[in-house]
Undergrad: 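I have a structure here, written as structure tokens, and I will follow up with some questions on it.
For the numbers below, each heavy atom of this structure counts, side chains included, while hydrogens, waters and symmetry mates do not. Since the model is a prediction, treat every value here as computed from it, not as a measurement. Lettering follows sequence order; numbering is per chain, from 1.
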2 protein chains.
Amino acid sequence: MRSPQHPATDDIQLTEVLRALSDPVRLEILGRLAREGHLYCFELGAEMDLHKSTLSHHYRILREAGVTHTSQEGRRKRLTLRRDDLDARFPGLLDSILAAV
Amino acid sequence: MRSPQHPATDDIQLTEVLRALSDPVRLEILGRLAREGHLYCFELGAEMDLHKSTLSHHYRILREAGVTHTSQEGRRKRLTLRRDDLDARFPGLLDSILAAV
DNA sequence: TGGAAGGTTTGACAACCATCCAACTATCGG
DNA sequence: CCGATAGTTGGATGGTTGTCAAACCTTCCA
């Protein structure tokens, strides 16, 4: 299993971040990540009533946009928010979105 | 000619605003609006090398998302940014996006 | 009054998106 | 080693998007 692709901080594009967050499911994931600090994919699978492959698709979009970081822990996958990177690149953006979620 | 549809301030949805601004053309329009205060559609048509119907499509998305206000002046159309409405609904969001454009 | 200017609408089209499903890979527990 | 767990991948599908082009509608002006 190849390690997942994360864009470098400087390569995070505003249009991609905005597009990634313009979906209710991904906005919900973002809110959970912000509140809980991190989460395991299988936790969402148990709650969100979406096929696991659909969720996997959303994880990829968030990751490739630079919003989340994914790390492997055994057979589980752990998501965290790239808060520092996003704040460095687009100051205030994340906070204003999270305040509205 | 029916007057164009603008959502009420309370009806502006975060996902729609983010989606509206996740396109380079519309982000460019936003930047110009923020810098110049207002603009007439035909000015963009002369500069942006896109078919006028394509631009009309972008105007509609910005307007229906609640990002811009459109008013008719003779046969011209004048766009302004709904800055107060957006600030009231999503404090800080517009500023952080404009800072990154 | 007739033509030009400024936009909208409709249709077409290729590209993309969210979703599901089935099959697959990889890891853990017994 | 085997079955269960956790996700990814590829295909299919119905819907949406960005773009152009042609036709249309308003408004102005000469």
Undergrad: D:dG18 P sits how many Å from B:Leu21 CG, rounded?
TA: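 Distance check: B:Leu21 CG to D:dG18 P gives 12 Å.
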
Undergrad: Quick one: side-chain contact (heavy atoms from CB on, under 4.5 Å) partners of B:Thr15, sequence neighbours excluded?
TA: A:Pro24, A:Leu27, B:Gln13

Undergrad: How long is the line joining OH of A:Tyr59 and C1' of D:dG7, in whole Å?
TA: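 Atom-to-atom, A:Tyr59 to D:dG7, this comes out as 9 Å.
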
Undergrad: Return yes if some donor-acceptor pair links the side-chain N/O of B:Arg89 with the main-chain N/O of B:Ile12 below 3.5 Å, else return no.
TA: yes

Undergrad: Atom pairs under 3.5 Å, N or O on each side, protein against nucleotides 19-22 of chain D: can you list them with distances?
TA:
from: D:dT19; atom 1: OP2; to: B:His58; atom 2: NE2; distance (Å): 2.5
from: D:dC20; atom 1: OP2; to: B:His51; atom 2: N; distance (Å): 2.9
from: D:dC20; atom 1: OP2; to: B:Thr54; atom 2: OG1; distance (Å): 3.1
from: D:dA21; atom 1: N7; to: B:Ser53; atom 2: OG; distance (Å): 3.4
from: D:dA21; atom 1: N6; to: B:Ser53; atom 2: OG; distance (Å): 3.0

Undergrad: Taking all non-hydrogen atoms of both residues, which atom of B:Ala65 and which atom of B:Glu16 are closest, and how far apart?
TA: CB-O, 3.7 Å

Undergrad: Is A:Arg26 reaching over with its side chain to a backbone N or O of A:His58, donor-acceptor style, under 3.5 angstrom?
TA: no

Undergrad: Over how many whole Å does the gap from B:Arg76 atom CZ to C:dT8 atom C1' extend?
TA: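 Result: 18 Å.
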
Undergrad: Residues from residues 30-47 of chain B sitting under 4.0 Å of DNA chain C, heavy atoms only?
TA: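 Close to the strand are B:Cys41, B:Phe42.
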
Undergrad: Checking the side chain of B:Ser96 only, and the main-chain atoms of B:Gly92 only, is there a donor and an acceptor separated by less than 3.5 Å?
TA: yes

Undergrad: Got a donor-acceptor contact below 3.5 angstrom from the B:Glu43 side chain to the B:Gly45 backbone?
TA: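 Judged by distance alone, no pair lies under 3.5 Å.
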
Undergrad: Assess whether a salt bridge exists between B:Arg32 and B:Glu47, defined as any Lys/Arg side-chain N lying under 4.0 Å from an Asp/Glu carboxylate O.
TA: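 Answer for the salt bridge query: yes.
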
Undergrad: If I take atom CE in residue A:Met48 and atom C1' in nucleotide D:dG7, what distance separates them, rounded to the nearest angstrom?
TA: 16 Å

Undergrad: Between C:dG7 atom C1' and B:Arg63 atom CZ, what is the distance in whole Å?
TA: 11 Å

Undergrad: Quickly work out the A:Leu62 CG to C:dC17 P distance and round it to whole Å.
TA: 13 Å

Undergrad: Do any pairs count as a ring-ring contact (aromatic ring centres under 6.0 Å, His included) and have a residue in residues 24-57 of chain A, sequence neighbours left out, and if so which ones?
TA: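 Checked against ring-ring contact (aromatic ring centres under 6.0 Å, His included) - neighbours excluded - the pairs reaching residues 24-57 of chain A are A:His38-A:Tyr40.
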
Undergrad: Quick one: which protein N/O atoms are closer than 3.5 Å to N/O atoms of nucleotides 12-16 of chain D? Pair and distance per line, please.
TA:
none

Undergrad: Within the distance-only criterion (no hydrogens, no angle test), does the side chain of B:Ser22 pair as donor or acceptor with the backbone N or O of B:Arg19 below 3.5 angstrom?
TA: yes

Undergrad: Nearest-Å distance, CG (B:Leu18) to P (D:dT17)?
TA: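 In whole Å, D:dT17 P lies 15 Å from B:Leu18 CG.
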
Undergrad: Between D:dT27 atom P and B:Lys77 atom NZ, what is the distance in whole Å?
TA: 10 Å

Undergrad: A:Arg26 side chain N/O closer than 4.0 Å to the phosphate oxygens (OP1, OP2) of C:dA18?
TA: yes

Undergrad: Provide the full list of ring-ring contact (aromatic ring centres under 6.0 Å, His included) pairs with a residue in residues 67-101 of chain A, sequence neighbours left out, each pair given once.
TA: A:His6-A:His69

Undergrad: Side-chain heavy atoms under 4.5 angstrom apart, residues restricted to Ile, Leu, Val, Met, Phe, Trp, Tyr: same cluster for B:Leu21 and A:Leu98?
TA: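 Same cluster: B:Leu21 reaches A:Leu98 through Ile, Leu, Val, Met, Phe, Trp or Tyr contacts under 4.5 Å.
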
